[in-house]
Amino acid sequence: MSRGLFAWVSTLLQVWLLLPLAAIVYASVATDAVPVFPPTGITLHWYAAAYDVGSFRRGLEISLIVACLSTVLAMPVGLTAALALARWQSPWRAPIETALMAPIFVPGLVIGIALMMAVAASGLDIGFGRLILGHTLMIFPYIARTTYASLAVQDASLEEAARTMGAGEFRIVWSVQLPLARPGIVAGTIFAFIMSFDDVPVALFLADARTTTLPLAVLSYLEYNFDPAVAAVSAAQVIFTFFAAVLLERLFGLKRLWGAGNG
Amino acid sequence: MAELVLDCITKRYGGTAVVDALSLSLPSGKLLTLLGPSGCGKSTTLRIIAGLTPADSGRVHLGGRDVTALKARARNVGMVFQSLALFPHMSAADNIAFPLRVEGVSGRDRDRRVGKALDLVRMGGFARRYPDQLSGGQRQRVALARAIISNPGVLLLDEPFSALDRRLRDEMQEELRSLVGRLGITTVFVTHDQEEAIRLSDLVAVMRAGRIEQLAGPRVVYNAPRTPFVADFMGSVNFVEAEIANLAGDQVTVRLGQSAFAVPRPTDLDGAPDLGVLINVRPERVTLADTPPAAGPALAGTVTNRVFDGAFVTYTVRLSERPERSWIIRRLSSEGPATASDAVWLTWPADATQVMVSHANRSSNSR
Amino acid sequence: MPVRVSFLLLPAFAVLLLLLALPLLILLASSVDSSRQPGPLAFDFTLRHYGEVFYDSYYLEMLARTVKLSAIVTALCLVVGYVLAVALWIAGPRQRVYLMLIVVAPLLVSVVARTYGWMLILGERGLINTSLLSLGLIETPLRMLFTDGAIVLGLVHLLTAFAVLSIHASLEKIDWEIVEAAVVAGAGPLRIFAAILLPLSLPGLAVGATLVFSLAMSAYITPALMGGNLSAMATLIYQKFMVSFDWNGGAVLAVVLLLAALIGVLFIVMVAMAFGRPRTPREGAA
């Protein structure tokens with residue numbers, strides 16, 4: 001394959017990756033109820049229409065609550081795990097790291113089913129809590145991973161220097177390590193929030209009629225309707241995610257978030 | 001006939017010329033070292049010869065052929081990289097066979113040539129080992145064998161020995177020298193180590209800021225540096241200002257304080273009498289005495305430091321006339337203490353004096 | 001010190017144990033317990049649920065179909081992923097940021113939005129059909145959605161990022177001078193790919209393949225939305241649980257799917273090791 005051909009193929013693939021996202025944004029601002037090219041006109045009408053769909057408004061509210069609560073719950077879990085990993089010089093560190101990342105690699109389908117069955121078997125009615133617990137499990141590894149990655153590159157002599165100045169363990173963590181790991185913590189938190197906000201696979205099993213998140217609301221709306229109100233909701237999400245992704249890249253590097261072969 | 005000719009090569013990154021109108025010609029079978037501090041353009045020059053980096057302007061001729069337009073893969077050069085760049089997933093033999101495979105040399109012929117190359121670098125018993133099962137020196141040999149297996153028009157080496165410890169480096173230098181000599185391959189070697197350059201080379205090109213400061217045999221570059229930069233880079237750090245008293249034929253008479261002496265005239269020294277010059281003397285040529293010498297060059301000074309480093313004692317002497325300049329004098333430690341007091345006289349054979357035009361490089365004294 | 005460290009691990013392990021390990025165990029137990037789910041376990045071993053499910057060959061056919069689709073998706077992801085990973089590898093620092101954003105974009109957008117985007121393009125009244133109709137190139141709309149092709153397209157689009165990231169992680173470890181050494185030796189792009197890059201990025205390919213395969217096996221929203229009736233195993237599991245409320249059957253199918261995915265992953269690892277260099281690698285796994 002020559003260099004020119006390679007560049008062409010690579011560009012084509014990039015266009016293909018962006019194609020559905022571009023189609024969403026396109027449909028959301030085109031006047032036509034059924035997307036045609038070229039559009040008859042440009043309008044923001046569909047955004048207003050989307051706002052008028054009650055289930056979307058309610059879904060957005062629930063998604064925000066669920067994402068916030070599960071992120072708040074996942075933060076201490078992820079942070080303590082990262083601190084433990086960063087401080088532990090032991091042959092057990094690698095297997096523990098792998099175990100901590102398990103929720104990332106277990107398919108959402110399985111997490112959803114298993115938790116649903118477990119809650120049913122426990123006989124407890126925890127309502128809203130079911131979905132929040134599921135998301136906490138699903139997202140805490142991202143916070144742990146980014147924080148750990150930030151801690152791991154810190155100069156160990158800083159910790160030692162603080163120790164020689166008489167700082168206790170807690171002060172070392174609180175005044176030295178965590179402030180320096182802030183980019184990783186912030187990136188992990190944003191990413192965890194997005195993962196919870198976007199989630200469908202886990203929520204499908206754990207949400208109930210009272211906790212229909214925005215993606216679920218869109219999903220059920222799509223069963224009976226196919227109008228650009230959905231495009232407007234989705235486009236808003238695409239645009240929001242785009243800025244979040246730029247921020248994540250700045251803060252931490254997107255590549256490291258998924259950490260295929262993180263070092 | 002010159003095997004490798006570079007004609008006015010220029011390469012710029014951003015606004016700065018990394019290689020600046022550089023020309024040189026290297027006769028067939030000779031070993032040239034590009035010597036200079038980091039950032040002087042020596043590695044870039046090597047990569048331009050290999051075709052890995054395109055030059056902005058200028059021509060590269062290999063074996064009488066203009067190869068400027070040829071891609072790296074078509075130039076038939078052999079190259080040993082700084083990291084060695086052995087293929088980690090191939091055995092030593094497969095690494096060495098790779099260029100032959102690319103050429104389409106088949107089966108038995110290939111095995112025979114690989115075997116011969118392995119023997120040549122004394123690696124006969126290690127054919128099946130992988131790079132991470134070889135020692136540093138063994139990896140060097142494999143890289144060298146891979147670079148010469150397809151009879152390249154020119155062999156290029158980019159600081160290949162810089163990661164080795166001193167003893168191994170000496171050994172590898174010896175081996176490279178004899179291998180290249182036996183095979184008669186035209187070779188360009190890049191290094192920042194002046195000792196290495198002197199040991200290896202038929203020709204040394206001392207580079208600075210993308211240009212060649214001096215291109216000559218190692219003895220000449222060492223003993224007769226033409227610029228303060230070259231002198232300094234070759235470890236000759238003793239400079240002092242002097243004046244030309246007389247220019248006559250191929251002799252120059254230099255006036256230095258009270259003394260005046262005649263030295264051979266450098267080819268690039270033109271100028272009127274009373275021209276300010278800089279003279280340079282190698283540390284090992286200077287002797288110390290308690291009293292001024294009867295004749296010849298002489299400088300008064302004060303010993304400010306003595307360091308014993310085994311075979312040598314190194315003295316630091318601040319010059320009385322020019323206290324801003326200190327000279328380094330290296331004497332055999334077996335000679336015993338050179339002087340009784342710290343107030344000394346420095347002297348040296350007149351022909352050990354290098355005369356340079358002083359305005360050329362006032363700024364190059366720092367290293 | 002170690003005492004304090006293990007104390008720090010407590011919250012995470014509590015979460016993993018209570019919310020992941022225990023539920024997985026209950027899932028597994030439900031598939032071999034005589035109780036009717038949902039409800040308390042009877043702790044009475046039976047394979048009855050497996051018998052009920054596999055009495056009908058439909059589920060085995062569905063499993064085979066899911067494995068086949070996942071294999072195709074994996075193969076395509078590796079090809080597409082390799083091209084993009086190389087592009088990412090050779091890109092300049094600025095270009096690399098854009099490329100990275102493009103590659104992970106499908107992962108960051110919810111599956112509903114992403115699938116809806118494909119429906120806009122491929123649907124009966126989607127952009128392709130309306131354009132072709134208005135140009136007079138076709139008389140009736142093409143059927144692109146609700147085909148196996150659509151499922152594969154949707155999944156490859158979603159999962160390519162995992163292949164790209166894994167392969168790129170491997171490529172990044174290759175010293176660029178190694179490529180230059182091959183160039184100087186006279187090798188062209190194809191040979192550099194086949195003789196140098198491919199064998200050296202095998203670990204990344206293997207990691208990417210296992211990730212993509214297991215995620216493809218368990219994907220169910222993309223197949224459900226883009227495949228219509230032609231869905232996949234995971235979609236059936238969803239229906240078992242949420243439509244026909246047969247939790248035991250659902251648990252059986254989930255366990256079977258997990259096992260199939262595991263076997264597939266092991267198969268990929270074995271293939272990768274067979275093609276790897278014939279000796280124990282010294283460097284640690286990625």
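Because only heavy atoms are used, hydrogens play no part in the values below, and waters and symmetry mates are left out as well, while side chains stay in. Letters go in sequence order (proteins before strands), and every chain restarts at 1.
Atom CG of A/Leu100 is separated from atom CG of C/Leu16 by 6.0 Å, given to the nearest 0.5 angstrom. To the nearest 0.5 angstrom, C/Ser110 atom OG is 8.0 Å from A/Leu214 atom CG. Atom CG in C/Leu122 sits 8.5 Å away from atom CG in A/Leu19 (nearest 0.5 Å). Atom CE of A/Met117 and atom CG of C/Leu28 lie 10.5 Å apart (nearest 0.5 Å). Between the CZ atom in C/Phe13 and the OG1 atom in A/Thr80 there is a gap of 11.0 Å [rounded to 0.5 Å]. A distance of 8.0 Å separates CG in A/Leu13 from OG1 in C/Thr160, rounded to the nearest 0.5 Å.
Between chain C and the options A/Val238, A/Ile194, A/Val110, the largest number of non-hydrogen pairs under 4.5 Å is found for A/Val110. Highest contact tally toward chain A, considering only C/Tyr116, C/Trp118, C/Phe241, is held by C/Tyr116 [criterion: heavy-atom pairs under 4.5 Å]. Of the listed residues (C/Leu18, C/Leu27, C/Ile102, C/Ile26), the greatest number of heavy-atom pairs within a distance under 4.5 Å of chain A belongs to C/Ile102. Of the listed residues C/Leu24, C/Val111, C/Ile221, the one with more heavy-atom pairs under 4.5 angstrom with chain A than any other is C/Ile221. Annotation: maximal heavy-atom pairing with chain C below 4.5 Å, among A/Leu21, A/Ile24, A/Leu222, occurs at A/Ile24. Your options are C/Leu215, C/Val97, C/Leu25, and the one with the most heavy-atom pairs under 4.5 Å with chain A is C/Val97. With chain C as partner, the option from A/Pro201, A/Ala81, A/Ser234, A/Ala82 having the largest number of non-hydrogen pairs under 4.5 angstrom is A/Pro201. With chain C as partner, the option from A/Ile111, A/Ile96, A/Val119, A/Leu216 having the largest number of non-hydrogen pairs under 4.5 angstrom is A/Ile96.
Counting heavy atoms from C-beta on, the side chains of A/Phe226 and C/Arg125 never come closer than 4.5 Å. For the pair A/Pro20/C/Leu120, no side-chain contact is recorded, criterion being any heavy-atom separation below 4.5 Å from C-beta on. Side-chain contact check for A/Trp16 versus C/Val80: some heavy-atom pair is nearer than 4.5 Å. You'll find the side chain of A/Val246 reaches within 4.5 Å of the side chain of C/Leu101, heavy atoms only. When side chains are defined from C-beta on, A/Leu17 counts as touching C/Pro106, because their heavy atoms get closer than 4.5 Å. Using a 4.5 Å cut-off on side-chain heavy atoms (C-beta onward), A/Glu249 and C/Arg96 make no contact. Side chains of A/Ile113 and C/Tyr238 form no contact here, defined as non-hydrogen atoms less than 4.5 Å apart. Side-chain contact between A/Phe6 and C/Val86: present, with at least one pair of heavy atoms (C-beta onward) separated by less than 4.5 Å.
A search for side chain to side chain donor-acceptor pair (under 3.5 Å) contacts involving C/Thr130 returns nothing, not counting sequence neighbours. Taking the side chain to side chain contact (heavy atoms under 4.5 Å, CB included) definition, one finds that A/Leu124 meets it with A/Ser122, A/Ile126, sequence neighbours left out.
Within 6.0 Å of atom CD in A/Gln14, more than 12 heavy atoms from other residues, nucleotides or ligands are found, so the atom counts as buried in its surroundings. Residue-environment remark: CZ (C/Arg36) exceeds the threshold of 12 foreign heavy atoms within 6.0 Å. Applying the 6.0 Å contact sphere to CZ of A/Phe242 captures no more than 12 heavy atoms from other residues, nucleotides or ligands.
Within the 4.5 angstrom heavy-atom criterion, atoms from both the backbone and the side chain of A/Leu219 approach chain C. Of the atoms belonging to A/Leu204, heavy atoms from both backbone and side chain fall under 4.5 Å from chain C. Of the atoms belonging to C/Ala87, heavy atoms from both backbone and side chain fall under 4.5 Å from chain A. Heavy-atom distances place both the backbone and the side chain of C/Val156 under 4.5 Å from chain A. Neither the backbone nor the side chain of C/Leu10 has a heavy atom closer than 4.5 Å to any heavy atom of chain A. With a 4.5 Å cut-off on non-hydrogen atoms, C/Met217 does not touch chain A at all. Heavy atoms closer than 4.5 Å to chain C are found in the side chain of A/Ala120, but not in its backbone. Neither the backbone nor the side chain of C/Leu158 comes within less than 4.5 Å of any heavy atom of chain A. The contact between A/Leu137 and chain C is made by backbone and side chain atoms together, counting heavy-atom distances below 4.5 Å. For C/Leu19, the parts sitting under 4.5 Å from any heavy atom of chain A are the backbone and the side chain alike. Contacts of A/Ala235 with chain C are absent, with no heavy-atom separation under 4.5 Å from either backbone or side chain. No part of C/Leu133 comes within reach of chain A, as not one of its non-hydrogen atoms sits under 4.5 angstrom from that chain. Contact of A/Tyr26 with chain C is made through the side chain alone, with heavy-atom distances under 4.5 Å. If you measure heavy-atom distances from C/Leu88 to chain A, you find no contacts under 4.5 Å at all. Using a 4.5 Å cut-off between heavy atoms, A/Val25 does not touch chain C at all.
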Worked verdict on C/Leu257 versus A/Leu109 for side chain to side chain contact (heavy atoms under 4.5 Å, CB included): CA-CA 11 Å; C/Leu257 184 69; A/Leu109 169 83; 3.8 Å; yes

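Closest heavy-atom contact between A/Met195 and C/Leu107: CE-O, 4.1 Å. Minimum interatomic distance between C/Val112 and A/Pro215 (heavy atoms only, all atoms of both residues): CG2-O, 3.6 Å. Across every non-hydrogen atom of A/Ala245 and C/Leu108, the tightest pair is CB-CD1, 3.5 Å. For the residue pair C/Leu20 and A/Ala102, the shortest heavy atom distance occurs at CD2-CB, 4.1 Å. Taking each heavy atom of A/Ala84 and C/Leu8 in turn, the nearest pair found is CB-CB, 3.7 Å.
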